[in-house]
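Note that these values count all heavy atoms, side chains included, but never hydrogens, waters or copies made by symmetry. Index from 1, following the sequence.
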Amino acid sequence: MKKQHLILLGFILLKFILQYFAINPVYELHRDEFLHIDLGKHLAWGYTSVPPLTGLLSKIILLFGESVFWVKFFPALFGAMVIWVVWKIVEELDGGIFAQILATVSILFSVFIRINTLYQPNSLDFLCWTLLFYTLLKYFKTDKNRWLYFSALVFAIGFLNKYNIGFLLLGLLPALLLTKQRTIFKNKHLWFAALLALLLISPNIIWQFQNGMPVVKHMRTLAETQLVNVNRSDFLLEQLYFFPGALLVILLAFVSFFTLKKHRIYRVFFYSFIFTLLIFTYLKAKGYYAIGLYPVFIGFGAVYFEYLMSVGWKRYLRIPVVLLPALIFIPVAPLMLPVYSPKQIMEKKELFDKYGTTRWEDGKIHNLPQDYADMLGWKELAHIVDSTFMLIEDKDRTIIHCDNYGQAGAINYYSSQKNTEALSLSADYINWYPFDEFEIVNVILVQIKTDDDPERKREREFFEEVKLIGKISTKNAREEGTSVYLLRGATVSINDILREEIRSRR
C-alpha cells in the first residue's frame, strides 16, 4: 500500500474515533434522530419531514439492531467520505502529500465533527455537495461526458436525501453562464444527464404531488417558526465559525482562482459560492445550510498553500501550518461539541451565552444549547410510559399519543414495551395511526408542560378515568415538565375523534 493511502486510512480511522468520543455519555439521542430511525419502519417514496433516502438508511440501521453504535456510524461514515473526496480533489489538482494532509486536517478539525455526531440528513447532504463539485471538476478537467452522468447521479442521491442541494444547483447555473464553461449548455449529454437525474428523483416528486406537497407546508412552517428568528448578518457571521482553523486556506482558494493559471478554469466554483451564499442570505437560511460549499475550496486552498510554500525557507513552515487547524479548533471545541455535561456548561454559561450557542430557534437565551437540551430526558419519559403500561389490562387496544415527534420517537426507541408504537399528530407520525386495526379504548397521553389544559378537562368527557402518572424531571431537558397521563375506558369513538383532528390538520 502506498504511503499516501496509509496516511489517508489513518486519518479516516482517526475520524471515526473522534466521532465516537465527541459526545458526553450523559446525553441521549437527539429528538430528530428518533424520528429518522422510525422512518425505517415505514418505507415510502417520501415523508413529511425529509425525502425517502433517510428511511432506507434507517431500515439498514434497524436490521443491524438499531444500537447507538449503528445510529452514529452512518454520519461518521459520510464525514469520513468527505475527507476521502477532498483528498481526491487535491490529487486531481496535482497537489502533493502536504496539500492532502493540510486539507484533511482542515476538514477533520472543523464543524464536521459536530455535524457528524447526529443521525440527520446533513452529513450525507454535505458529502453530496462535495461529490458534485468533484464530478464537475473531473468534467472540466477531462471533457469526458461520463462525469456529467456521475454529476446527475450525485445530484439525484443528494435530492432524495435532502432538498437543500437544489440551492447549490441554483447557484451553479448563473456561475456557469458567467464563465467559459457556459459551453456546457450546448452539450447534449448535459441534457441527457439532467433527464437521468429527473427520472431518478421522479418517484419522490410524484409522491409529493399525490400527498399535497408536504415539503411546501414543511418549508412554510420552518419559515414561520424558526427562520423568522434568523437575520442575514448572523447567517454571514456564522460562516466564519465553521472552519476556524482553515479560514486562511479557504481565502487562499479564492485568491488562487485569479492568480494561479491552472486554477482559473475552475473559477466557476468561486462564482457558484457567491451566488449560493446570496440565495441563502436572501432567504434568511440557517447558517449551517452552506457548510457543504467549503470542502472543495479547502482542497483548492491547500494546493495553493503548498505552491506558495514550495521553495526556500517557507518549506519549514509546513509543519506549523498543518498543526494550525487542530490548535485553533481544540480550544473552541467545547463550544461546538457536546463534550461538557449540563453541569459543566452551567458553570461556564457566560462563555456559551457570549458566543450565542445557548440562543434557541425561538430567539431566546436558555441554559443549554438547544441541541443539547434535545438530548436529555428521553429515557425518563420512556420509563414513565412503561410504568403506565403496567397499569393497563387491555394493552392491545391502547395507543401512546404524544404532543410532538420527539416524544413519540424517543418512546419507541427506549421503551421496553412492544405492544404499540408511540404516535403523534406532528411530522410523519400523523400518517401511522392504526385506525383500521382496532378500536382505541385506552390512551397514554404525553403532553408538554406548556399545554393549556393540564387538568385534562376535554379528555374527561371521553374516558372513564383520567389520571396523571408522572412528569419528566431531568433538569435542563427541553422536555422538562412534560406530563404522562393515563386515559382509561373510552366512552366515545377515539378513532373518529383522531380521524377528524388529522383531517383538520391536513
Non-hydrogen side-chain atoms of [X] and [Y] separated by less than 4.5 Å:
X	Y	answer
Asp94	Lys262	yes
Leu29	Met375	no
Arg478	Tyr372	no
Leu247	Leu251	no
Phe235	Leu277	yes
Trp207	Met213	no
Leu136	Leu172	yes
Phe16	Phe73	yes

Can you tell me how far apart [atom1] ([X]) and [atom2] ([Y]) are? Round to the nearest 0.5 Å.
X	Y	atom1	atom2	result
Leu148	Asn187	CG	CG	5.5 Å
Leu376	Leu368	CG	CG	6.5 Å
Thr276	Leu173	OG1	CG	9.5 Å
Leu9	Gln4	CG	CD	13.5 Å

For [X], does the [atom1] atom have more than 12 heavy-atom neighbours from other residues, nucleotides or ligands under 6.0 Å away?
X	atom1	value
Lys144	NZ	no
Phe69	CZ	yes
Lys354	NZ	no
Phe185	CZ	yes
Leu63	CG	yes
Tyr282	OH	no

Specify whether [X] and [Y] have parallel, tilted or perpendicular ring planes, treating 30° as the upper limit for parallel and 60° as the lower limit for perpendicular.
X	Y	result
Phe34	Tyr413	tilted
Tyr294	Phe243	tilted
Phe74	Phe78	tilted
Trp70	Phe64	tilted
Phe133	Phe269	perpendicular
Phe280	Phe167	tilted

Under 3.5 Å, side-chain donor or acceptor atoms of residues 101-112 against the rest of the protein: list the pairs with distances, not counting sequence neighbours.
| residue | atom | partner | partner atom | Å |
| --- | --- | --- | --- | --- |
| Thr104 | OG1 | Gln100 | O | 2.8 |
| Ser106 | OG | Leu102 | O | 2.8 |
| Ser110 | OG | Ile107 | O | 2.6 |
| Ser110 | OG | Phe112 | N | 3.2 |

Looking only at non-hydrogen atoms, find the nearest pair between [X] and [Y] and report the distance.
X	Y	result
Ser341	Tyr27	C-OH, 3.7 Å
Glu306	Ile97	OE2-N, 3.9 Å
Thr357	Leu335	CG2-O, 3.6 Å
Trp129	Ile165	NE1-CA, 3.6 Å

Salt bridge flag under 4.0 Å for residues Asp371 and Arg114: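 Arg114 and Asp371: salt-bridged.
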message: Looking only at side-chain N and O atoms, does Tyr149 offer a donor or acceptor that is under 3.5 Å from a partner on His189?
response: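 Tyr149 and His189 do have a side-chain donor-acceptor pair below 3.5 Å.
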- request: Verify the distance criterion only: is there a donor paired with an acceptor across the side chains of Tyr304 and Thr259 at less than 3.5 Å?
  value: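 Side chains of Tyr304 and Thr259: pair found under 3.5 Å.
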Would you please name every residue forming a side-chain contact (heavy atoms from CB on, under 4.5 Å) with [X], sequence neighbours left out?
X	answer
Leu8	Ile12, Ile83, Trp84, Trp87
Leu199	Leu195
Phe150	Thr135, Arg146, Trp147

message: Listing request: all salt bridge (charged side-chain N to carboxylate O under 4.0 Å, His left out) pairs with a residue in residues 25-35, at least two apart in sequence or in separate chains.
response: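 For residues 25-35: Arg31-Asp374, Arg31-Glu479, Glu33-Lys72.
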field: Qualifying salt bridge (charged side-chain N to carboxylate O under 4.0 Å, His left out) pairs, either residue in residues 239-260, two or more places apart
entry: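 Those involving residues 239-260 do not exist here.
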query: Backbone N or O of Ala76 within a donor-acceptor pair of the Asn116 side chain at under 3.5 Å?
result: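 It does not hold such a pair.
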message: If we ignore hydrogens and angles and just use 3.5 Å, is the side chain of Asn412 paired with the main-chain N or O of Ala422 as donor and acceptor?
response: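 It does hold such a pair.
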message: I'd like to know whether the aromatic ring centres of Tyr405 and Tyr429 sit less than 6.0 Å apart in this structure.
response: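 Judged by ring-centre distance (under 6.0 Å), Tyr405 and Tyr429 do not meet the cut-off.
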field: Geometric cation-pi criterion, Arg267 with Phe257: 6.0 Å, 45°
entry: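 The answer is no; the distance or angle limit is not met.
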